[in-house]
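Working notes, structure below.
No hydrogens, no waters, no symmetry mates; every other heavy atom, side chains included, goes into these values. Positions are given from 1, in the same order as the sequence printed here.
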Amino acid sequence: MSMNDPLGDMLARIRNASLRNRSTVRTPASKLRGWVLDVLKDEGFIRGYEKVDGQGGHPEFEISLKYFDGQPAIRELRRISTPGRRAYSASKGLPHVRNGLGVAIVSTSRGVMTDARARAENVGGEVLCTVF
């Protein structure tokens, strides 16, 4: 199986697992995935994650999903920038997700961060995904 969009794959796994009310989901580990998971954790969308050994000795992240009263904390997880169509934005043009209720995760020259922090630091970058 060729993996053209590793981040999109991880987002799909999280989305599918939360629809099935699973407590954890695994995804192959990578730096970018870890950075995105850090933001999701800081923003309270997931409980956390840890690096574990997967099959064949490949490192994986085990992500602990978060629920409130049986409802997933992540209601919507949408990939914005894809390998075929990259989406870049200046700090002033960063999207506001659901009037600030959600966050856009942006990959900037200063690391992966939320749209609010990118605006505060006045940096633009690649809009990876939006979470609500």
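Between Arg13 and Thr27, the shortest heavy-atom contact is NH1-CA, 3.7 Å. When all heavy atoms of Val131 and Val97 are compared, the pair lying nearest together is O-CG1, 3.9 Å. Among all heavy-atom pairs drawn from Val127 and Ala104, the shortest one is CG1-CB, 4.3 Å. Heavy-atom minimum distance, Ala118 versus Ser91: O-CB, 4.2 Å. Nearest approach of Pro72 to Ser18, heavy atoms of both residues: CG-O, 3.6 Å. Pairing each heavy atom of Ala87 with each of Ser81, the nearest pair is N-OG, 2.8 Å.
Tracing side-chain contacts under 4.5 Å through hydrophobic residues (I, L, V, M, F, W, Y), one reaches Val112 starting from Leu40; they form part of the same cluster. In this structure, Phe61 is a member of the same hydrophobic cluster as Leu32, with clusters built from ILVMFWY side-chain heavy atoms closer than 4.5 Å. Connection of Ile80 to Val103 is not established within any shared hydrophobic cluster, with ILVMFWY side chains joined at heavy-atom distances below 4.5 Å, either directly or through further cluster members. Under a hydrophobic clustering in which Ile, Leu, Val, Met, Phe, Trp and Tyr are joined whenever their side-chain heavy atoms come within less than 4.5 Å, directly or via other members, Val106 and Val39 fall into different clusters. Hydrophobic clustering (side-chain heavy atoms under 4.5 Å, transitive across Ile, Leu, Val, Met, Phe, Trp, Tyr) groups Ile46 together with Leu11.
From Leu94, atom CG reaches atom OH of Tyr88 across 14.0 Å, with rounding to the nearest 0.5 Å. The OG atom of Ser23 sits 12.0 Å away from atom CD1 of Ile63, with the distance rounded to the nearest 0.5 Å.
Side-chain N or O atoms of Tyr49 include none that pairs as donor or acceptor with a backbone N or O of Ser64 at under 3.5 Å. When atom types are taken as modelled, the side chain of Tyr67 and the backbone of Arg22 share a donor-acceptor pair closer than 3.5 angstrom.
Side-chain N/O atoms of Ser107 and Glu126 include no donor and acceptor closer than 3.5 Å.
Within the 4.5 Å cutoff, the side chain of Thr114 has no heavy atoms near those of the Ile105 side chain. Residues Leu65 and Thr24 fail the side-chain proximity criterion, which asks for heavy atoms closer than 4.5 Å. Within the 4.5 Å cutoff, the side chain of Glu121 has no heavy atoms near those of the Thr108 side chain. Between Ile14 and Leu77 the shortest side-chain heavy-atom distance falls below 4.5 Å. A 4.5 Å side-chain heavy-atom check between Val36 and Met10 finds at least one atom pair inside the cut-off. Side-chain contact between His96 and Arg119 is present, with heavy atoms from C-beta onward closer than 4.5 Å. By the 4.5 Å heavy-atom criterion applied to side chains, Asp5 and Arg79 are counted as neighbours. By the 4.5 Å heavy-atom criterion applied to side chains, Phe132 and Leu101 are counted as neighbours.
Between Lys51 and Glu60, no side-chain nitrogen of the basic residue sits less than 4.0 Å from a carboxylate oxygen of the acidic one, so the salt-bridge criterion is not met. Glu43 and Lys41 are not joined by a salt bridge, as no carboxylate oxygen comes within less than 4.0 angstrom of a charged side-chain nitrogen.
Residue-environment remark: CZ (Arg85) stays at or below the threshold of 12 foreign heavy atoms within 6.0 Å. Surrounding NZ of Lys66 are more than 12 heavy atoms belonging to other residues, nucleotides or ligands, all under 6.0 Å away.
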Asp9/Arg33 under salt bridge (Lys or Arg N to Asp or Glu O under 4.0 Å): CA gap, chis, key distance, verdict: CA-CA 10 Å; Asp9 172 73; Arg33 289 177 184 194; 3.7 Å; yes
Evaluation steps, salt bridge (Lys or Arg N to Asp or Glu O under 4.0 Å), between Arg98 and Glu76: CA-CA 11 Å; Arg98 298 282 169 112; Glu76 188 180 284; 2.9 Å; yes
